[in-house]
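Every value quoted in this text rests on a predicted model; they were computed, and no experiment measured them. Just so it is clear, the values below take in all heavy atoms, side chains as well, and ignore hydrogens, waters and symmetry mates.
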Amino acid sequence: MKRRWIVVALVSIGAGVFGFAGTQDAPPQSMDLMPTKKSEEKRPSMVLADAGSSTIKREVSPVEHREPADENVVVPEAMSAQFSRIAQTFETELNYPPYSQPIVDLASPYLTPNHFSVVEMPVLDGKHSAALVVDKYRYFYPEPIAFQVKSGVPVEGMQFSLIDIDSREIVATGNSDNAQGKLTAKEDWPANVRLRVKVQFDGGEDVLTADVNYQNPVAYVLGAQPAYVQGADWVIPLDIDAKQAGLYRVRANLYREDGPPVAVLTSKQRLTEGESTIDVKAHQSVFGSERGDYQLRDIQVERMSGFPGEETRYGVSNVSVIELGPFNANSLSQESYQPSDQERQQLLFLKSLAGEI
């Protein structure tokens, strides 16, 4: 999935271009990368950074139609080449709907949505190195936070604490006489926390830290109802138990039971409190007209921010794998995906910056 770096490049390069050109006319730049129901489907929000599985996003206002400016924007040759590559990749992605994107790279971050990136740090005045390792980035109550210190230097013991990043208050403490530790969860832990570990090595002590996210689940995926064909889409209704009303987004990876991942399926819908259904859809373009047994895995659910300053909240799936059974993709209409007017405008804009039109 290359959509993320496309938008990052567009933001950074575009800023340089318009600073260079000195024009005041803002070009179309909205790319909503997370799809919604048909009535609201857009290309995704601009992805600015990744931390583990935690994605930092900025919603961009809809494209405003303006008459072309009389003056031309002069784009340096090196930037034109970069825009050309971005335009080519974006044009390829427009062969697929935003709610059903193929997974062609086994290193795709969508396959490890809760990955914690381990960073080795120098310790003991830089003479050695060590890493604080947790098994994932986001935890859900009542899961304990278990961790270990990996180092070539023997660990004789640890003292550790969990700190609220926002208030800097200590919310939990513990100690261990070896390289492994665990903190038993409390329901009122804040979401953004820092694990601080003072490690007693054979030869001295040093401090390691790691930031993680802790959630009291705001929703639960209960399972799926029978899937059915709707034109060019295979529709999979997911049962959701929402603890709070709000705008929810669900993402799941479609797999062949005995093979590689097929696609990442995404849906966004406003839910009331209680049990509801959200449909995720797999478009015919991701199947390659193959039949087989299919599964949903790596299921994620989140309650999106409703206003500036409100944090995104996350839920969990009660089932790690949803068996969908056999499916013949030839039963789907072979209708191809037609990009929206906004997506076409974005592509034309990129091509114009690349000097291709």
Side-chain angles (χ1 to χ4, degrees), residues 1-11 28-48 50 53 55-63 86-105 108-111 113 227 230-238 247-255 261-271 278-288 296 298-305 312 329 332-351:
M1 300 294 290
K2 299 181 180 178
R3 183 181 304 281
R4 295 186 177 187
W5 72 259
I6 291 177
V7 184
V8 172
L10 176 58
V11 174
Q29 58 180 353
S30 174
M31 292 189 187
D32 188 351
L33 297 176
M34 307 317 309
T36 67
K37 286 286 188 183
K38 263 191 176 178
S39 61
E40 347 171 43
E41 281 171 10
K42 302 176 183 177
R43 290 281 158 179
S45 54
M46 288 190 174
V47 178
L48 302 180
D50 265 331
S53 69
T55 306
I56 304 169
K57 302 175 282 295
R58 177 168 64 86
E59 294 294 337
V60 182
S61 57
V63 172
I86 293 171
Q88 290 172 14
T89 305
F90 186 62
E91 187 170 24
T92 299
E93 290 187 351
L94 292 184
N95 292 323
Y96 308 93
Y99 59 82
S100 175
Q101 286 282 310
I103 298 177
V104 296
D105 183 359
S108 167
Y110 287 116
L111 298 178
Q230 185 179 74
D233 293 318
W234 192 30
V235 183
I236 307 162
L238 297 179
L247 182 61
Y248 280 82
R249 178 164 55 201
V250 172
R251 182 184 291 132
N253 292 334
L254 180 68
Y255 284 78
V262 177
V264 55
L265 313 181
T266 313
S267 183
K268 187 164 60 176
Q269 182 177 319
R270 191 166 296 278
L271 301 180
I278 292 182
D279 295 341
V280 292
K281 300 180 293 184
H283 190 259
Q284 63 84 14
S285 55
V286 302
F287 285 99
L296 283 184
D298 310 320
I299 304 163
Q300 304 169 74
V301 57
E302 60 185 287
R303 181 182 180 274
M304 303 176 69
S305 172
T312 298
L332 296 171
S333 164
Q334 296 306 298
E335 177 184 356
S336 59
Y337 173 69
Q338 299 300 316
S340 67
D341 289 341
Q342 179 175 314
E343 290 166 339
R344 295 178 191 276
Q345 290 174 13
Q346 290 166 352
L347 180 60
L348 289 174
F349 170 61
L350 288 171
K351 286 188 173 183

> Where do Gln101 and Val286 come nearest, in terms of heavy atoms and distance?
Replying inline: C-CG1, 4.4 Å

>> Asp298: which residues meet the side chain to side chain donor-acceptor pair (under 3.5 Å) condition with it, sequence neighbours left out?
In response: Asn253, Tyr255

> Between Arg251 and Val264, which heavy-atom pair has the shortest distance, and what is it?
Replying inline: CG-CG2, 3.4 Å

> Between Leu265 and Val280, which heavy-atom pair has the shortest distance, and what is it?
Replying inline: CB-CB, 4.0 Å

> Does the side chain of Met304 come within less than 4.5 Å of Tyr248's, by heavy atoms?
Replying inline: no

> Taking all atoms of both residues into account, what is the closest heavy-atom pair of Ala252 and Leu296, and its distance?
Replying inline: CB-CD2, 4.1 Å

> Who passes salt bridge (charged side-chain N to carboxylate O under 4.0 Å, His left out) against Glu335, sequence neighbours left out?
Replying inline: none

> What closest approach, in Å, do Gln269 and Asp279 show between heavy atoms, and which atom pair accounts for it?
Replying inline: OE1-N, 4.5 Å

> Under 4.5 Å between any side-chain heavy atoms of His283 and Tyr99, yes or no?
Replying inline: yes

>> Measuring from atom CD of Glu343 to atom CG of Leu94, what distance do you get when rounded to the nearest 0.5 angstrom?
In response: 5.5 Å

> Do Pro339 and Arg344 come close enough that some side-chain heavy atom pair is under 4.5 Å?
Replying inline: yes

>> Checking Ser336 now: which residues fulfil side chain to side chain donor-acceptor pair (under 3.5 Å) with it, not counting sequence neighbours?
In response: Gln338

> From Ser267 OG over to Arg249 CZ, what is the distance, rounded to the nearest 0.5 angstrom?
Replying inline: 10.5 Å

> Of all heavy-atom pairs between Ile103 and Ser108, which one has the smallest distance, and what is that distance?
Replying inline: CG2-CB, 4.1 Å

>> Contact between Pro102 and Phe287 at the side-chain level, heavy atoms closer than 4.5 Å - yes or no?
In response: no

